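Model, not experiment: these values are computed from the prediction.
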Amino acid sequence: KDIIEDQIDKLESFGKEIFFKTKNNIFKYSKKNGFTKINFSGLYVNLFKTDNKLFFVNDTNLYTYQKDNLKQISLPQAIEDDFILDILPYDKDKFLFRFYNNGFYIYDEKNNRFSSFPSTINKTIFPEDYVKTIPINNNIFVLGTKDNGIIFFDKQGQIISSFDQNRSE
C-alpha cells in the first residue's frame with residue numbers, strides 16, 4: 001500500500017517498531033502489522049525519542065506514546081502555544097525541553113509538572129539561531145547554533161565553555 005503521502009523527514013526506532021513523520025502525519029511500521037498511520041495529524045507534527053520515551057507533538061499539543069496509546073501531557077499556560085524543538089533526557093523521570101520562544105524547561109514526568117530551566121542560555125541564544133542540543137554525559141549538554149558555534153552547559157544551566165570559529169578568543 002502507498003499510504004505515505006509526503007516525504008519522510010524524521011525516523012525513530014522504538015522497541016520493535018519504527019516511527020517516521022512526514023510534513024503532517026506520523027506513521028508506524030512493525031513486522032506484525034506493516035505500515036499504519038497513527039491517528040495523529042496537524043499543521044505541525046514532530047516526534048522525539050529520548051531514553052525509553054517516545055513523544056509526539058501536533059501543533060502545540062504534547063503526547064507520550066505508550067503501548068499503542070497516546071497520553072496527552074498538559075503544558076502550562078506560559079508555554080502552551082510555543083513550539084517544541086527538542087526533548088532530552090535530564091534525570092530519572094525528568095526531561096529537558098527546548099521551546100522555540102521560551103527556551104529550556106524541565107518536565108518532571110512523575111509529578112506531571114514543568115518548571116523553567118534556570119539558565120542564562122535562554123537569553124543567550126535567539127530562537128532562529130538554535131539548531132539542536134544533545135547530552136554528552138549525565139551532567140553536560142552541548143548546544144549547536146547556526147551563527148554562534150557550540151555552547152557547553154551543565155544541568156544547572158551554567159555555561160561551561162563555547163566555541164565559535166567566526167570569533168577569535
Between Lys21 and Asp9, does the salt bridge (charged side-chain N to carboxylate O under 4.0 Å, His left out) criterion hold? Intermediate values first, please.
CA-CA 6 Å; Lys21 79 171 216 60; Asp9 58 19; 3.0 Å; yes
Would you give the length of the straight line joining atom CG of Asn46 to atom CD1 of Ile26, rounded to the nearest 0.5 angstrom?
7.0 Å
Given side chains that start at C-beta, do those of Asp68 and Glu17 come closer than 4.5 Å, heavy atoms only?
yes
Show, in sequence, the C-alpha distance, side-chain angles and deciding distance for Lys28 and Ile18, and conclude whether the side-chain contact (heavy atoms from CB on, under 4.5 Å) test is met.
CA-CA 6 Å; Lys28 175 177 74 171; Ile18 298 170; over 6 Å; no
Any residue meeting ring-ring contact (aromatic ring centres under 6.0 Å, His included) with Tyr65, in chain and number order, not counting sequence neighbours
Phe19, Phe56
Report the C-alpha separation of Thr133 and Arg98 in whole Å, then their side-chain angles, then the decisive distance to 0.1 Å, and conclude whether the side-chain contact (heavy atoms from CB on, under 4.5 Å) test is met.
CA-CA 8 Å; Thr133 302; Arg98 170 64 189 198; 5.5 Å; no
By ring-ring contact (aromatic ring centres under 6.0 Å, His included), which residues pair with Phe14, not counting sequence neighbours?
none
Under 6.0 Å between ring centres: does that hold for Phe35 and Phe27?
no
Under the rule for side chain to side chain contact (heavy atoms under 4.5 Å, CB included), what residues qualify as partners of Asp108, not counting sequence neighbours?
Lys94, Lys110, Asn111, Arg113
Nearest-0.5 Å distance, CD1 of residue Ile151 to CG of residue Leu143
5.5 Å
My understanding is that only residues two or more places apart in sequence, or in another chain, count here; which of them pass side-chain hydrogen bond (donor to acceptor under 3.5 Å, both in side chains) with Asn69?
none
Side chain to side chain contact (heavy atoms under 4.5 Å, CB included) filter on Glu128, not counting sequence neighbours, yields Tyr100, Phe126
Report the C-alpha separation of Gln156 and Asn139 in whole Å, then their side-chain angles, then the decisive distance to 0.1 Å, and conclude whether the side-chain contact (heavy atoms from CB on, under 4.5 Å) test is met.
CA-CA 9 Å; Gln156 290 69 46; Asn139 192 48; 4.0 Å; yes
Shortest non-hydrogen contact from Asn102 to Ala78?
ND2-O, 3.5 Å
If you define the side chain from C-beta out and look only at heavy atoms, does anything of Thr22 sit under 4.5 Å from Gln7?
no
Is Val57 close to Leu47 at the side-chain level, that is, under 4.5 Å between some pair of heavy atoms?
no
Is there a continuous path of hydrophobic side-chain contacts, each under 4.5 Å between heavy atoms, that joins Ile125 to Ile84?
yes
Within one Ile-Leu-Val-Met-Phe-Trp-Tyr cluster: Ile134 and Ile150, side-chain cutoff 4.5 Å
yes
Just one of Phe48, Tyr105, Phe114 clears the ring-ring contact (aromatic ring centres under 6.0 Å, His included) bar with Phe97, so which one?
Phe114
Contact check, side chains of Phe95 and Leu88, non-hydrogen atoms, under 4.5 Å
no
In one Ile/Leu/Val/Met/Phe/Trp/Tyr side-chain cluster, 4.5 Å: Leu85, Val45:
no
Output for pair (Asp81 CG, Leu75 CG), nearest 0.5 Å, gives 9.5 Å
Which residues pass the salt bridge (Lys or Arg N to Asp or Glu O under 4.0 Å) test with Glu109, sequence neighbours left out?
Lys53
With sequence neighbours excluded, what pairs up with Tyr63 under the ring-ring contact (aromatic ring centres under 6.0 Å, His included) test?
Phe40
About how many Å separate NZ of Lys10 and CZ of Phe20, when rounded to the nearest 0.5 Å?
14.5 Å
Do Phe99 and Phe83 belong to the same hydrophobic cluster, where Ile, Leu, Val, Met, Phe, Trp and Tyr are linked whenever their side-chain heavy atoms lie under 4.5 Å apart, directly or via other members?
yes
Between atom CG of Leu54 and atom CD1 of Ile87, what is the distance when rounded to the nearest 0.5 Å?
9.0 Å
Those residues that, when tested against Phe104, pass ring-ring contact (aromatic ring centres under 6.0 Å, His included) (two or more places apart):
Phe117, Phe153
To the nearest 0.5 angstrom, please state how far the OG atom of Ser13 sits from the NZ atom of Lys49.
3.5 Å
Is there side-chain contact between Ile38 and Asn25, with at least one heavy-atom pair below 4.5 Å?
no
Of all residues at least two apart in sequence or in a different chain, which pass the side chain to side chain contact (heavy atoms under 4.5 Å, CB included) check with Asn112?
Ile73, Tyr107
Going only through I, L, V, M, F, W and Y residues with side-chain contacts under 4.5 Å, is there a path from Leu70 to Tyr44?
no
The criterion is salt bridge (Lys or Arg N to Asp or Glu O under 4.0 Å); which residues satisfy it with Lys132, sequence neighbours excluded?
Asp86
Smallest separation among heavy atoms of Asn138 and Lys155, with atom names:
O-CE, 2.7 Å
Applying salt bridge (Lys or Arg N to Asp or Glu O under 4.0 Å), can you list everything that pairs with Asp129, at least two apart in sequence or on another chain?
none
Quick one: list whatever passes side chain to side chain contact (heavy atoms under 4.5 Å, CB included) with Ile160, sequence neighbours left out.
Ile140, Phe152, Asp154
